[in-house]
Every structure is written in structure tokens, then in C-alpha cells.
Amino acid sequence: MIDLSSLRRTFQNLNGADPRLFWAPGRVNLIGEHTDYNDGFVLPIGIDLGTVVAAGPRDHRHIRADSLTLNLSAEFDLDGPPAAQKGDWYGYVEGVARTLEARGLRLVGANLAIDSNLPLGAGLSSSAALEMSAGLALLTLSRHEIEPIALALAGQSAEHTFVGTNCGIMDQCIAMLAEEGHALLIDCRSLDTTPVPLNLDDMAFVVCDSRVKHSLATSQYNVRRAECEQGVALLGEFRPGIRALRDVTEAELNEYQNRLPEPIRRRCRHVVTENARTLAAAEALRAGEIDRVGSLMVESHNSLRDDYEVSCSELDLLVEIAASVEGVVGARMTGGGFGGCTVNLVRLNALEMFRERTMREYSETTGFSPLIHVVRATGGAGEILAPSS
């Protein structure tokens with residue numbers, strides 16, 4: 001847990017004033033991976049790991065950010081040129097600030113102290129949690145109110161422009177719109193969202209952090225996006241009018257896939273079938289068909305491993321270990337891939353066995369221990385009305 005009292009005291013010591021506190025959750029995507037930037041469907045939950053920003057106004061237009069997690073500080077002038085370079089941690093803060101200003105929302109200067117219990121680079125969307133908590137803090141201090149989805153879109157734009165990752169909208173959207181006890185089915189084209197009740201009283205979602213992040217992660221993300229766009233262009237020759245792979249049915253792909261070169265064929269097959277799996281998983285959750293949800297999670301992992309090729313040996317090992325534990329209903333990699341985390345649907349009476357076997361077998365094979373988090377579905381970003389002591 002983030003120690004809110006300690007964060008308040010740190011802010012007071014740094015800035016000599018009492019802060020307001022703003023929170024945004026990380027996320028686990030239950031199914032629907034690499035579909036968001038293809039205008040498809042995703043089914044994430046907000047989780048009770050996240051980022052808190054302590055914030056107070058300044059009397060000029062400078063924004064100072066102190067990261068307690070990284071023990072780093074940065075400052076930039078909203079009236080000056082951009083300060084962050086691509087890859088700088090505070091680029092997420094500056095990016096969302098400058099994007100909001102570009103959309104006509106003049107911001108005041110601010111002091112920000114940032115704390116998080118989200119593991120960095122683990123695929124749990126620490127970047128979107130930072131963007132949304134910081135963006136909400138800056139808007140509130142500046143007395144602006146905007147729709148949650150508008151802030152999510154500003155965060156996505158900031159990540160494209162200031163960070164250099166051509167991400168979809170899922171991470172920012174779930175950070176803003178998550179509902180406690182629900183997954184959120186997001187249509188990444190229309191941005192329509194449908195809460196899906198979980199009703200999993202005898203089960204838990206368990207996140208296993210592989211603690212590896214391979215260097216291919218960022219570069220190959222953009223490669224996969226380009227490959228999907230190439231697939232759309234090629235399929236458009238046979239199926240005029242498609243805008244994204246979301247517009248291609250499984251039947252149409254089966255009809256035309258032999259006309260696609262490799263690896264484009266397999267990239268398209270993953271996205272088209274993953275969209276179908278995501279919609280099926282939402283229906284299965286509503287109907288309480290938990291074994292069906294688990295089977296779809298396993299199919300998703302196999303497709304990400306074989307067709308989309310974004311898994312890695314460590315993620316595959318975690319999924320294999322999970323499959324060997326009675327009481328694990330489903331397991332898959334979650335996030336962009338090439339390291340990061342798996343998400344597992346585990347019966348409560350199997351939780352300790354799952355934890356023990358995962359720790360032991362993963363450590364024996366890789367030489368280091370995974371981090372295991374039992375998470376619950378929580379609500380989205382907002383101000384924390386906490387006591388001052």
C-alpha cells in the first residue's frame with residue numbers, strides 16, 4: 001500500500017504546504033491483447049496497485065515533479081520549450097500537461113510529489129496511471145473539468161508525441177473509467193464502455209511479474225502496429241472499405257489469408273481471433289461460465305506466443321506452471337509482451353499451492369523469483385479525500 005500520510009509529509013517538507021492527493025490505478029487486461037490499436041475490443045480491470053500524486057499550486061507556470069519511487073526530480077516551464085526527451089520519466093507528466101494546454105486548457109504551475117506501488121516495466125500500465133493521476137491533479141488545481149474520456153485521449157496523445165509509443169487507448173481509458181468489482185469491455189473505435197460484473201467470490205486474479213523486460217519490447221510494439229496496418233492495406237484489395245483489422249471477420253480472414261505473406265498472415269489471425277475471444281469472454285463472465293473464460297485466456301496466450309510472437313520464454317514458463325496447478329482456471333501473458341506479467345484466474349483454495357509452485361519452479365529455472373500480486377478490481381482515477389495526519 002502507498003503510505004498516504006508519508007506522501008503528505010514529504011510534500012509538506014519539500015514545498016511547505018498541504019497537498020491534495022490524486023490517484024489512478026494500474027490495470028490488468030484479462031483478454032484482448034494488441035487489439036486496441038486495431039480498433040478492436042479489450043477487457044481490462046483497474047487494479048488496487050497504482051500511482052498517487054500529491055499536488056499544490058505555484059504562483060508561476062513552472063511544474064516541478066518529484067518522484068519518490070525513482071528518487072528523481074524534474075522541472076519544466078509551461079511557457080518555455082519542451083524539456084523532456086523521449087524516454088525521460090517526466091515526459092509522461094510534461095506530455096499530458098502540454099497536450100491539455102494545446103487543447104485550450106490553460107494550466108497553473110504546480111508542485112507534484114509522485115508515489116507508486118506499480119512495478120515499472122511490468123506491463124501493468126504504470127505510464128497511464130502516472131499520466132492520468134498527474135493530468136487530473138493539474139486540471140483540478142487549474143479549476144478545469146473535462147470528461148474522463150477526454151483526459152484519457154490527452155494521455156494517449158501525449159504518449160504518442162512525447163514518449164514515442166504508438167499505444168492504443170485501453171490503458172488510459174481503464175485508468176479513468178474502471179469500476180470496482182467489474183471488468184470493462186471497451187470498444188476501441190467508438191470508445192463505448194460496458195461494465196461486466198465479475199461475480200468471482202471463490203476466485204482471485206493473480207498477477208505474476210516475470211521480472212524481465214527484454215529490449216525488444218518498445219521497438220517490436222511499433223513493428224507489430226505497422227504489420228497490422230500492412231495487413232489492412234493488403235486485405236483491402238479483396239475486401240474494400242475496411243479501416244482496421246476490427247472490420248475483418250474470422251470467415252473473411254479464412255477466405256483471404258492465403259493471399260497474405262508471412263508474418264502478416266499470422267499477425268492478422270491473432271488480432272481477428274482475439275477480438276472474437278474478447279467478446280466471448282465478456283459474455284462468459286456475464287453468464288458465470290468461468291471455465292469458458294479460462295479456456296479463452298489460454299487460447300489468447302497461445303495466439304500471442306505463436307501468431308503475434310510477443311511472448312518470451314519466461315512468460316511461457318509462468319503459464320506452463322499455472323497450467324500444472326489444479327484450481328487454476330486460466331492463465332495468459334498480459335500487456336505488450338517480451339517480459340512483464342501473466343494474469344491468472346485461480347480458485348481461492350488453490351492460491352497457496354499456486355504461489356508455492358510458481359515461486360519454486362520459476363526460481364529453479366530462471367535463477368530469480370517472480371513477484372506475485374493478488375489483485376482486486378478497483379475504481380478509476382479520482383481525488384483522494386484523506387485525513388491530513
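Just so you know, these numbers come straight off a predicted model, no measurement behind them. Along the sequence shown, the residues carry numbers beginning at 1. Reckoned from all heavy atoms, side chains included, excluding hydrogens, waters and symmetry mates.
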(message) Using a 3.5 Å distance criterion without hydrogens, assess whether the side chain of T140 forms a donor-acceptor pair with backbone atoms of L136.
(response) yes
(request) Would you confirm whether R265, through its side chain, and L260, through its main-chain N or O, come within 3.5 Å as a donor-acceptor pair? (result) yes
(message) Any salt bridge linking E33 with R332? Criterion: basic side-chain nitrogen under 4.0 Å from a carboxylate oxygen.
(response) yes
(request) Using a 4.5 Å cut-off on heavy atoms from C-beta on, say whether the side chain of N111 contacts that of L14. (result) no
(request) Determine the minimum heavy-atom distance between C312 and G339, stating which atoms define it. (result) SG-N, 3.5 Å
(request) Could you tell me whether the side chains of S369 and S363 share a donor-acceptor contact shorter than 3.5 Å? (result) yes
(message) Using only atom types and a distance under 3.5 Å, with no angle test, would you say the side chain of R61 pairs donor to acceptor with the backbone of L107?
(response) yes
(message) Tell me the closest heavy-atom pair linking L151 and I146, and the distance in Å.
(response) N-CD1, 3.6 Å
(message) Could you see if L43 belongs to whatever hydrophobic cluster contains V346? Use Ile, Leu, Val, Met, Phe, Trp, Tyr and a side-chain cutoff under 4.5 Å.
(response) no
(message) Between R269 and E250 (salt bridge meaning N to carboxylate O under 4.0 Å), is one present in this structure?
(response) no
(request) Could you tell me the separation between the CD atom of E309 and the CG atom of L304, rounded to the nearest 0.5 Å? (result) 11.0 Å
(request) Please state whether the rings of F368 and Y362 are parallel, tilted or perpendicular, taking 30° and 60° as the class boundaries. (result) perpendicular
(request) To the nearest 0.5 Å, tell me how far M132 CE sits from Y92 OH. (result) 12.0 Å
(request) Ignoring hydrogens and angles, tell me if any N or O in the side chain of T35 forms a donor-acceptor pair with the backbone of G32 under 3.5 Å. (result) yes
(message) So which atom in I174 and which in G46 form the shortest heavy-atom distance, rounded to 0.1 Å?
(response) CG1-N, 3.7 Å
(message) Looking at every non-hydrogen atom in both residues, tell me the closest pair between G50 and I2 and how far apart they are.
(response) O-CD1, 3.5 Å
(request) In sequence, state the C-alpha distance, the side-chain angles, and the governing distance for D247 and R189, and then conclude on side-chain contact (heavy atoms from CB on, under 4.5 Å). (result) CA-CA 11 Å; D247 298 315; R189 171 172 288 170; 2.8 Å; yes
(message) Is the shortest side-chain heavy-atom distance between L68 and L7 below 4.5 Å?
(response) yes
(message) My understanding is that a hydrophobic cluster links ILVMFWY residues whose side chain heavy atoms are under 4.5 Å apart, including indirect links. Using that, what else belongs to the cluster containing F11?
(response) none
(request) Measure the CD-CG distance between Q257 and L235 for me, rounded to the nearest 0.5 Å. (result) 10.0 Å
(request) Report, as yes or no, whether the 6.0 Å neighbourhood of atom CG on N258 holds more than 12 heavy atoms from other residues, nucleotides or ligands. (result) yes
(request) State the CZ-CD distance between R267 and E262, to the nearest 0.5 angstrom. (result) 8.0 Å
(request) Check step by step if side-chain contact (heavy atoms from CB on, under 4.5 Å) holds for L118 and I47. (result) CA-CA 10 Å; L118 280 166; I47 60 174; 4.3 Å; yes
(request) Please check if the side chain of H270 supplies one atom and the backbone of C268 the other of a donor-acceptor pair under 3.5 Å. (result) no
(request) Check the pair D79, R98 against salt bridge (charged side-chain N to carboxylate O under 4.0 Å, His left out), reporting the backbone distance first and the verdict last. (result) CA-CA 10 Å; D79 293 320; R98 293 196 183 276; over 6 Å; no
(message) Check this for me: E364, atom CD, are more than 12 non-hydrogen atoms of other residues, nucleotides or ligands nearer than 6.0 Å?
(response) yes
(request) Taking the side chain as every heavy atom from C-beta outward, state whether I149 and C173 have any pair of such atoms under 4.5 Å apart. (result) yes
(message) Closer than 3.5 angstrom, by distance alone: can the side chain of T334 be matched with the main-chain N or O of N29 as a donor-acceptor pair?
(response) yes
(request) Of all the heavy-atom pairs spanning V272 and V248, show the shortest one and how long it is. (result) CG1-O, 3.5 Å
(request) Over all heavy atoms of both residues, which pair between R357 and S324 is shortest? Give the atoms and the distance, please. (result) NH1-O, 2.7 Å
(request) Mind running side-chain hydrogen bond (donor to acceptor under 3.5 Å, both in side chains) on R277 and S303 for me, showing each step along the way? (result) CA-CA 11 Å; R277 282 188 289 269; S303 180; 3.3 Å; yes
(message) When you measure from the side chain of H373 to the backbone of V375, do you find a donor-acceptor pair of N or O atoms at a distance under 3.5 Å?
(response) no
(request) Before accepting this row, confirm whether a basic side-chain N of the pair D77/R58 lies closer than 4.0 Å to the acidic partner's carboxylate O. (result) no
(request) Test V319 against every option in M333, R305, H301 by the side chain to side chain contact (heavy atoms under 4.5 Å, CB included) rule and name the one that passes. (result) H301
(request) Check whether any side-chain heavy atom of R27 lies under 4.5 Å from a side-chain heavy atom of D171, and answer yes or no. (result) yes
(message) Run T358 and L318 through side-chain contact (heavy atoms from CB on, under 4.5 Å) and show every step you take.
(response) CA-CA 7 Å; T358 299; L318 285 171; 3.7 Å; yes
(request) Report yes if the side chains of P44 and L30 come closer than 4.5 Å at any heavy-atom pair, otherwise no. (result) no
(request) Ignoring hydrogens and angles, tell me if any N or O in the side chain of N275 forms a donor-acceptor pair with the backbone of F41 under 3.5 Å. (result) yes
(message) As an exercise, state the distance from CG of L21 to OG of S133, rounded to the nearest 0.5 Å.
(response) 11.0 Å
(request) Decide yes or no on side-chain hydrogen bond (donor to acceptor under 3.5 Å, both in side chains) for T342 and N344, but give the supporting numbers first. (result) CA-CA 6 Å; T342 62; N344 306 267; 3.2 Å; yes
(message) So, taking the atom named NE2 in H182 and the one named CD1 in I45, what distance separates them when rounded to the nearest 0.5 Å?
(response) 12.5 Å
(request) Could you walk me through whether R8 and Q12 pass the side-chain hydrogen bond (donor to acceptor under 3.5 Å, both in side chains) test, one step at a time? (result) CA-CA 6 Å; R8 281 180 178 273; Q12 291 164 347; over 6 Å; no
(message) Tell me if a side-chain donor or acceptor on S142 pairs with a main-chain N or O of H144 at a distance below 3.5 Å.
(response) no
(request) Decide, yes or no, whether a salt bridge links R106 with E101 under the criterion of side-chain N to carboxylate O below 4.0 Å. (result) no
(request) Determine whether L185 and F205 fall in the same hydrophobic cluster, where Ile, Leu, Val, Met, Phe, Trp and Tyr are linked whenever their side-chain heavy atoms lie under 4.5 Å apart. (result) yes
(message) I want to check something: taking the side chain as every heavy atom from C-beta on, are V207 and L371 in contact at a cut-off of under 4.5 Å?
(response) no
(request) Treat each ILVMFWY residue as a node, draw an edge where side-chain heavy atoms are under 4.5 Å apart, and state whether W23 and L124 are in one component. (result) no
(message) When you group the ILVMFWY residues by side-chain heavy-atom contacts below 4.5 Å and let the links chain together, are L348 and M203 in the same group?
(response) no
(request) Give a yes or no on whether the ring-centroid distance for F162 and Y90 is below 6.0 angstrom. (result) no
(request) Could you tell me whether the side chain of D3 and the main chain of S6 form a donor-acceptor pair under 3.5 Å? (result) yes
(request) Determine, step by step, whether D48 and T378 satisfy the side-chain hydrogen bond (donor to acceptor under 3.5 Å, both in side chains) criterion, reporting the C-alpha distance in whole Å, the side-chain angles of both residues, the deciding distance to 0.1 Å, and the verdict. (result) CA-CA 6 Å; D48 52 344; T378 190; over 6 Å; no
(request) Would you mind checking if E227 and R266 are paired as a salt bridge, meaning a charged N to carboxylate O distance below 4.0 Å? (result) no
(message) Between P119 and C341, is there a side-chain heavy-atom distance shorter than 4.5 Å?
(response) no
(request) Could you walk me through whether Y221 and H34 pass side-chain contact (heavy atoms from CB on, under 4.5 Å), step by step? (result) CA-CA 9 Å; Y221 181 98; H34 290 278; 3.9 Å; yes
(message) Are V293 and L345 packed together at the side-chain level, in the sense that at least one heavy-atom pair is separated by less than 4.5 angstrom?
(response) yes
(message) Looking at F238, I'd like to know if the NZ or CZ of R259 sits under 6.0 Å from its six-membered ring centre while staying within 45 degrees of the ring's axis.
(response) yes
